[in-house]
Amino acid sequence: MEPASDPSRFEIVERAVELRADSKRLAELLDNGAVFIAVWRGQNLFDQGGRGRPVLIPASNAKQLSNPIFLGLRPDGVGLFAVNVADADTERAALRALGLEQDAAAFVQLREFKGTLSPEERSALLYSRALLHWHDTQRFCSRCGNPTVPTEGGHVMICTNPECEHQYFPRSDPATIMLVHRPGFCLLGRQPSWPEDVYSTLAGFVEAGESAEQAVAREVKEESGIEIRNLRYFRSQPWPFPQSLMLGFFAEAITTEIVVGSELADVRWFSVEETRNVLARLSNRFPHLDTIARRLIRTWLEEQG
C-alpha cells in the first residue's frame, strides 16, 4: 500500500476539465481535504517570511474566502484551488484571513522570489496567478457594463444581466520571443529598466491579423533594424505577467547593421563567449522560472559546440 500524499506538497495536477461544470463534485472536493494556492495583490505565498517554499493552505483555513477557482486534481485525488485574498487591506490582514502569523509566511511577487521552484510548483503558481489576474480584470461585462460572476469552477465569467448573459473565457495574448543569429554571433537587447550588463532575446506581441512568423520579422526589424530569414519554431511558455503565451523562434540574420529601436536601450551582436557570460548574468534574474529566453540562448550555445 502506497503512503498517503503530503497535503502540503505540490504535485502534478490533472486539470480535470470535466469537473468544472459539476458543482456537486466541486463542493465535495472542497469538503474533503482540498488545498488552496492563495494570492494577494498578485503575489504568491511563501513560508519562512517569503524566503522558503510556496505554501498550500488547507480548506479549513480558506473555505470562507469567496470564488475559489478549481485548478484540478492531484494524483491522490485532492482538489487544488486558487483563491484571492482580495478583501485584505494589508499583508498582515491577508495572512490572518488564512490563519497564518506574519513571521511564518509572506506574499512575494513571483518574479522577485529568490528561492528555487520545482517544475510542479512553478506550473501551479503560474496557472493560479494567470486565472486570478483574469478574474480581477473581467469583473464587468464589456458589452453592457453589468457585473460578471464566475461559473464552471471559475473558468467562465458570465454577465449577470438576464438580457445579456454573455460568457467570457480566459485569454492569453500571443507574443513572440526570438534568438536572431549569424555564424558565431547572436543578437541580444536590453530594456531601459534593466541593469547595464543584462541582455536578453528580442520579443514582442503579435498584432491583430498577423501570424507569429510575421510578428517575428516585424519586431526584429523594429527593435534592431535587422532583416531575417529561415525561422525555426522552438517551443512556447506561458508567461502570466500579466497573461501572455510566449512563442519562441530561432531566426537567421540576413543583414548585420544594427539600428536600435525606440523601445530598447541597446541591441548588440554577442560572440559565443560573450553570450555565455550574458546567460550567466541572465540566469541570476528569476532563477526559479527558467525562462524561454534562457532556453533559447542555452540551446544556441549548445549548437555552437
Side-chain angles (χ1 to χ4, degrees), residues 1-45 47 54-88 93-100 105 107 120-121 123-141 146-162 164-171 238 240 243:
M1 183 176 179
E2 293 185 1
S5 295
D6 179 356
S8 66
R9 180 181 176 184
F10 281 75
E11 300 180 7
I12 296 173
V13 175
E14 167 59 48
R15 296 202 175 197
V17 176
E18 70 281 359
L19 298 183
R20 292 176 184 171
D22 190 342
S23 58
K24 180 180 178 180
R25 180 70 176 117
L26 293 181
E28 291 174 349
L29 289 171
L30 289 169
D31 289 335
N32 289 279
V35 289
F36 289 74
I37 296 174
V39 173
W40 176 70
R41 296 187 177 179
Q43 301 173 87
N44 289 99
L45 184 62
D47 65 14
V55 176
L56 286 175
I57 302 297
S60 58
N61 291 33
K63 282 177 63 177
Q64 78 281 5
L65 299 174
S66 60
N67 300 325
I69 301 173
F70 176 62
L71 300 178
L73 293 175
R74 303 195 318 182
D76 57 4
V78 170
L80 179 65
F81 292 78
V83 69
N84 193 354
V85 198
D87 294 335
L95 291 170
R96 285 180 176 173
L98 299 169
L100 299 172
F107 287 96
E120 293 79 16
E121 291 169 337
S123 176
L125 294 181
L126 292 175
Y127 183 19
S128 60
R129 192 188 189 283
L131 282 176
L132 288 168
H133 172 81
W134 175 66
H135 272 232
D136 283 343
T137 58
Q138 192 54 71
R139 292 181 294 170
F140 297 93
C141 177
N146 279 274
T148 58
V149 293
T151 185
E152 297 198 17
H155 290 261
V156 179
M157 299 290 277
I158 185 168
C159 177
T160 55
N161 179 0
C164 178
E165 295 185 338
H166 187 71
Q167 295 184 351
Y168 296 90
F169 300 86
R171 294 285 185 260
Q243 52 188 54

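All values derive from a computational prediction rather than experimental measurement.
- Taking CG of Asp22 as the reference point, atom CD of Glu28 lies at 7.5 Å (rounded to 0.5 Å).
- Arg15 forms a cation-pi arrangement with Tyr127, by the criterion of a distance under 6.0 Å to the ring centre and an angle within 45° of the ring axis.
- Taking CD from Glu11 and OG from Ser123, the interatomic distance works out to 13.0 Å, rounded to the nearest 0.5 Å.
- In this structure, Ile158 and Tyr168 have side chains that are not in contact, with every pair of non-hydrogen atoms separated by 4.5 Å or more.
- Remark: Glu120 CD to Arg74 CZ distance equals 11.5 Å, nearest 0.5 Å.
- In terms of modelled atom types and a separation under 3.5 Å, the side chain of Asn61 and the main chain of Leu98 share a donor-acceptor contact.
- Using modelled atom types, no side-chain atom of His166 and backbone atom of Cys141 make a donor-acceptor pair closer than 3.5 Å.
- When side chains are defined from C-beta on, Phe10 counts as touching Leu125, because their heavy atoms get closer than 4.5 Å.
- The closest donor-acceptor contact from the side chain of Trp40 to the backbone of Phe107 lies at 3.5 Å or more, if one exists at all.
- Proximity of a side-chain donor or acceptor of His155 to a complementary backbone N or O of Phe70 within less than 3.5 Å is detected.
- With hydrogens and angles disregarded, no donor-acceptor distance shorter than 3.5 Å links the side chain of Ser128 to the backbone of Ala82.
- Taking all atoms of both residues into account, the shortest heavy-atom contact from Trp134 to Pro170 is CZ2-N, 3.5 Å.
- The shortest heavy-atom contact between Pro238 and Leu126 is O-CD1, 4.3 Å.
- Heavy-atom neighbours of Asp87 CG from other residues, nucleotides or ligands within 6.0 Å: at or below the threshold of 12.
- Across Val39, Leu56, Leu100, a single residue satisfies side-chain contact (heavy atoms from CB on, under 4.5 Å) together with Leu45, and that is Leu100.
- Residues His135 and Asn84 form no side-chain contact, since every pair of their non-hydrogen atoms from C-beta on lies 4.5 Å or further apart.
- Checked against salt bridge (charged side-chain N to carboxylate O under 4.0 Å, His left out), Arg96 has no partners two or more places apart in sequence or in another chain.
- Taking CG from Leu132 and CD1 from Ile37, the interatomic distance works out to 9.0 Å, rounded to the nearest 0.5 Å.
- Side chain of Arg20 to main chain of Val17: no donor-acceptor pair is present (N/O by atom type, distance under 3.5 Å, no hydrogens or angles).
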For this session: Please test Val83 against Ile57 for side-chain contact (heavy atoms from CB on, under 4.5 Å), starting from the C-alpha separation and ending with a verdict.
Result: CA-CA 10 Å; Val83 69; Ile57 302 297; over 6 Å; no
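- No side-chain heavy atom of Asn44 sits less than 4.5 Å from a side-chain heavy atom of Pro54.
- Taking every heavy atom of both residues into account, Leu30 and Ala59 meet most closely at O-CB, 3.6 Å.
- Atoms CG and CE, on Asn67 and Met157 in that order, are 7.0 Å from each other to the nearest 0.5 Å.
- Side-chain atoms of Gln64 come within 3.5 Å of backbone atoms of Ala97 as a donor-acceptor pair (strictly under, hydrogens ignored).
- Atoms OG1 and CZ, on Thr160 and Phe140 in that order, are 9.5 Å from each other to the nearest 0.5 Å.
- The two residues Gly77 and Leu29 come nearest to each other via the heavy atoms O-CD2, 3.8 Å.
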